Amino acid sequence: SQIMSTANIEEATTSCPLRAKEQDAELARAIAEFEHLSTIDNFNRVASKVRPLFASTEKLICELTIEAEHVNTKGTLHGGFSASLVDIITARAIGVTVKDKGMASVEIAVSYLLPVKLGDRIEIEAKVLKIGRNLAFTDIEFRRPDGKIAVKGKHTVAILPNDPPVTAAGRVVQF
């Protein structure tokens, strides 16, 4: 499978339950949230260079150019960084639907299939498989420029109805 073209993104847009204006608003919100990560001092700042391209209730598609801060000593995408992105990006994908509720990870699994090199621009597609009353299930794929899957992950998230998503200081709990 190849990296999603603009035509494919437009086609995916038409099958989405969100109306175009709502979808554009969700994409703008996702972009703003990832940009905001560069201003925070907690660990989630590691995802600040992720750029959302598409947001719907079913999926969040992002891109990231691999820089020196993202690689291991071999010059390839760091496994721990990949696992962190699985956590952060899938949580944001759930956040398109689940608003005003906190979230906590229950389980994360990551498979490393192929290396990603310094300078590569990858596409990351997080899919929301199911959102229940207390749990949400996602999966995610990182694709290299050649379209091959480099990282595949899954994330199960607990939805915490009594835990607000934003602290008194205005920080987003789910990030």
Side-chain angles (χ1 to χ4, degrees), residues 1-6 8-9 11-13 16 26-27 29-38 40 42-98 103-131 135-159 172-175:
S1 179
Q2 298 270 332
I3 299 222
M4 186 172 271
S5 70
T6 306
N8 289 342
I9 290 173
E11 181 182 309
T13 306
C16 168
E26 287 301 337
L27 178 58
R29 185 176 294 114
I31 291 168
E33 287 178 358
F34 278 98
E35 287 175 351
H36 173 72
L37 293 177
S38 66
I40 64 173
N42 68 41
F43 181 79
N44 293 319
R45 71 188 179 284
V46 301
S48 64
K49 294 187 177 176
V50 169
R51 295 290 166 251
L53 302 173
F54 174 85
S56 74
T57 56
E58 288 97 15
K59 65 183 157 187
L60 177 62
I61 300 173
C62 303
E63 70 177 6
L64 175 68
T65 299
I66 306 307
E67 298 180 10
E69 67 192 83
H70 307 135
V71 300
N72 56 30
T73 55
K74 296 178 191 133
T76 60
L77 183 62
H78 190 283
F81 177 65
S82 300
S84 296
L85 291 183
V86 168
D87 182 347
I88 294 167
I89 294 171
T90 56
R92 181 63 198 92
I94 294 166
V96 171
T97 301
V98 177
M103 292 187 252
S105 296
V106 173
E107 179 182 28
I108 295 177
V110 185
S111 297
Y112 306 98
L113 307 175
L114 292 169
V116 177
K117 299 183 310 265
L118 182 66
D120 282 353
R121 192 187 79 197
I122 60 172
E123 180 183 87
I124 304 167
E125 182 175 354
K127 292 181 183 171
V128 178
L129 304 175
K130 178 181 180 185
I131 298 177
L135 292 174
F137 302 88
T138 66
D139 71 10
I140 188 167
E141 294 179 352
F142 296 32
R143 292 192 179 273
R144 303 187 319 178
D146 64 6
K148 293 182 179 175
I149 299 171
V151 176
K152 183 146 179 70
K154 70 175 189 170
H155 188 194
T156 304
V157 176
I159 299 167
V172 178
V173 172
Q174 65 199 40
F175 277 113

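From a predicted model like this one, the values you see are computed outputs, not experimental measurements. Counting begins at 1 with the first residue of the sequence.
Within the structure, side-chain hydrogen bond (donor to acceptor under 3.5 Å, both in side chains) contacts touching residues 74-85 (residues at least two apart or in different chains) are N72-T76.
Within the 4.5 Å cutoff, the side chain of T57 has no heavy atoms near those of the V128 side chain. At least one side-chain heavy atom of I131 sits less than 4.5 Å from a side-chain heavy atom of I159. Side-chain contact between F54 and K59 is present, with heavy atoms from C-beta onward closer than 4.5 Å. Side chains of L64 and F81 form a contact here, defined as non-hydrogen atoms less than 4.5 Å apart. By the 4.5 Å heavy-atom criterion applied to side chains, V98 and V157 are not counted as neighbours. A heavy-atom distance below 4.5 Å is found between the side chains of L27 and P52. Annotation: side chain of F142 is not in contact with side chain of L113 (no heavy-atom distance under 4.5 Å). Within the 4.5 Å cutoff, side-chain heavy atoms of L77 are placed close to those of V151.
What you find for I140 and L85 is that their closest heavy atoms are CD1-O, 4.3 Å. Taking each heavy atom of A55 and L60 in turn, the nearest pair found is CB-CD1, 3.9 Å. In terms of heavy atoms, A83 sits closest to Y112 at CB-OH, 4.0 Å. For the pair A93 and A126, the tightest heavy-atom approach, listed with the atom from each and the gap, is CB-CB, 4.1 Å. Across all non-hydrogen atoms, the minimal contact from L37 to I40 is O-CG1, 3.1 Å.
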Evaluate side-chain contact (heavy atoms from CB on, under 4.5 Å) for V46 paired with I88, printing each intermediate quantity in order. CA-CA 10 Å; V46 301; I88 294 167; 4.2 Å; yes
Quick one: do I66 and K117 satisfy side-chain contact (heavy atoms from CB on, under 4.5 Å)? Show the steps, please. CA-CA 7 Å; I66 306 307; K117 299 183 310 265; over 6 Å; no
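Here L118 contributes atom CG and E69 contributes atom CD; the two are 10.5 Å apart, rounded to the nearest 0.5 Å. With rounding to the nearest 0.5 angstrom, the CG atom of D120 is 9.0 Å from the OG1 atom of T65. Note that CZ of F137 is 9.5 Å distant from CD1 of I94, once rounded to the nearest 0.5 Å. Rounding to the nearest 0.5 Å places NZ of K152 at 8.5 Å from CZ of R143. Atom CD of E125 and atom CD1 of I89 lie 11.5 Å apart (nearest 0.5 Å). With values rounded to the nearest 0.5 angstrom, E26 atom CD is found 8.5 Å from E33 atom CD.
With hydrogens and angles disregarded, a donor-acceptor distance shorter than 3.5 Å links the side chain of R144 to the backbone of P115.
Every residue was checked against the side chain to side chain donor-acceptor pair (under 3.5 Å) condition with K127, not counting sequence neighbours, and none meets it. The salt bridge (charged side-chain N to carboxylate O under 4.0 Å, His left out) check on R51 picks up nothing, with sequence neighbours excluded.
The number of heavy-atom neighbours closer than 6.0 Å to NZ of K154, taken from other residues, nucleotides and ligands shown, is 12 or below.
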